[in-house]
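Structure record follows, encoded as structure tokens.
Position 1 is the first residue of the sequence, and the numbers go up from there. Being a predicted model, the structure only gives us computed values, none of them experimental.
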Amino acid sequence: MLARLASAPVPAELARIDAVVLERITARPAPMFGYAALAGAAFLALLTGVAGGMWPGSPQHAPETLTPFGPSSPLAPSTLLASNQ
């Protein structure tokens, strides 16, 4: 069966397949927004972020404890594992 398939002539549609694929790629519709509009939106977002970062806010103060989730607990796993030292 494979020998018969190998000896069969190549279909004519396969000879034009590259041209058909390239035609479909070039016939793709244009994007709804142009690249200039997307670049403008990106610049506006960047400008808004920089302006928001420079806006004066409330003064920051150092946390009272070094633990990120509140005061350290005597029953924390790290203290239970180190209790026999």
Side-chain angles (χ1 to χ4, degrees):
M1 181 172 168
L2 289 177
R4 196 172 25 157
L5 184 61
S7 64
V10 177
E13 293 88 19
L14 286 180
R16 264 189 39 86
I17 195 163
D18 292 336
V20 170
V21 168
L22 291 175
E23 284 174 12
R24 287 188 181 178
I25 289 173
T26 58
R28 185 180 289 175
M32 204 157 102
F33 295 109
Y35 293 113
L38 290 176
F43 180 72
L44 182 64
L46 180 66
L47 186 66
T48 304
V50 169
M54 292 171 45
W55 191 269
S58 61
Q60 299 295 320
H61 61 305
E64 295 172 6
T65 63
L66 294 178
T67 56
F69 302 113
S72 60
S73 170
L75 298 179
S78 61
T79 58
L80 293 175
L81 291 174
S83 64
N84 59 356
Q85 291 180 354

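Taken to the nearest 0.5 Å, the CG atom of Leu44 stands 4.5 Å off from the OG1 atom of Thr48.
The hydrophobic clustering, which links ILVMFWY residues whose side-chain heavy atoms are closer than 4.5 Å, places Val10 and Ile17 together. Following chains of ILVMFWY side-chain contacts shorter than 4.5 Å, one cannot reach Phe43 starting from Leu38, and the two form parts of different hydrophobic clusters.
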